[in-house]
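The next block holds one structure in the form of structure tokens; read it before the comments.
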Amino acid sequence: AGEVTEMKQDTSDTWITTKVKADLVTEKGIPGTDIKVETNKGVVSLSSTTAVTDSQKDVAVAIAKKIKGVKAVSADGLKAE
């Protein structure tokens with residue numbers, strides 16, 4: 001039974017990553033395509049190789065937090081301008 005639970009967790013992490021990414025890309029005013037999204041057990045990590053403003057970072061975090069299943073959001077990897 002333990003494996004089934006683990007598989008379900010992987011699926012939801014993948015779903016969360018996909019959903020966050022899609023919402024970031026469609027959000028105007030933030031470089032959604034430049035933001036990398038990783039999810040591990042419901043914790044979303046946002047990172048970017050391009051600089052983002054504090055307000056863009058806040059928007060990205062808010063978008064990620066709205067997704068069902070997200071337990072926490074880390075934006076440490078988002079570089080501020």
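Everything numeric here is computed off the predicted structure, so don't read it as measured data. These numbers come from the heavy atoms of this one structure, side chains and all, not from hydrogens, waters or symmetry mates.
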Problem - Any donor-acceptor N/O pair, D34 side chain to T50 backbone, under 3.5 Å - result: no
Problem - Any side-chain heavy-atom pair of V44 and S74 under 4.5 Å - result: no
Atom pairs and distances, donor-acceptor, side-chain atoms in residues 56-64, under 3.5 Å, two or more places apart:
residue	atom	partner	partner atom	Å
Q56	OE1	T53	N	2.9
Q56	OE1	T53	OG1	3.4
Q56	NE2	G29	O	2.9

Completion exercise
CD (E38) and NZ (K21) are apart, to the nearest 0.5 Å, by 10.5 Å
Handout entry: Hydrophobic cluster membership, V25 vs W15, 4.5 Å side-chain cutoff
Key = no
Problem - Residue that, paired with V20, satisfies side chain to side chain contact (heavy atoms under 4.5 Å, CB included) out of L46, T39, I35 - result: L46
Fill in the blank from the handout: To the nearest 0.5 Å, atom OG of S45 lies from atom CG of D76 at 8.0 Å
Completion exercise
On a heavy-atom basis, the closest approach of K71 and K41 is NZ-O, 3.4 Å
Fill in the blank from the handout: In this structure, OG of S48 is separated from CG of L24 (nearest 0.5 Å) by 10.5 Å
Handout entry: Pairwise distance OG(S12) to CD1(I67) - rounded to 0.5 angstrom
Key = 13.0 Å
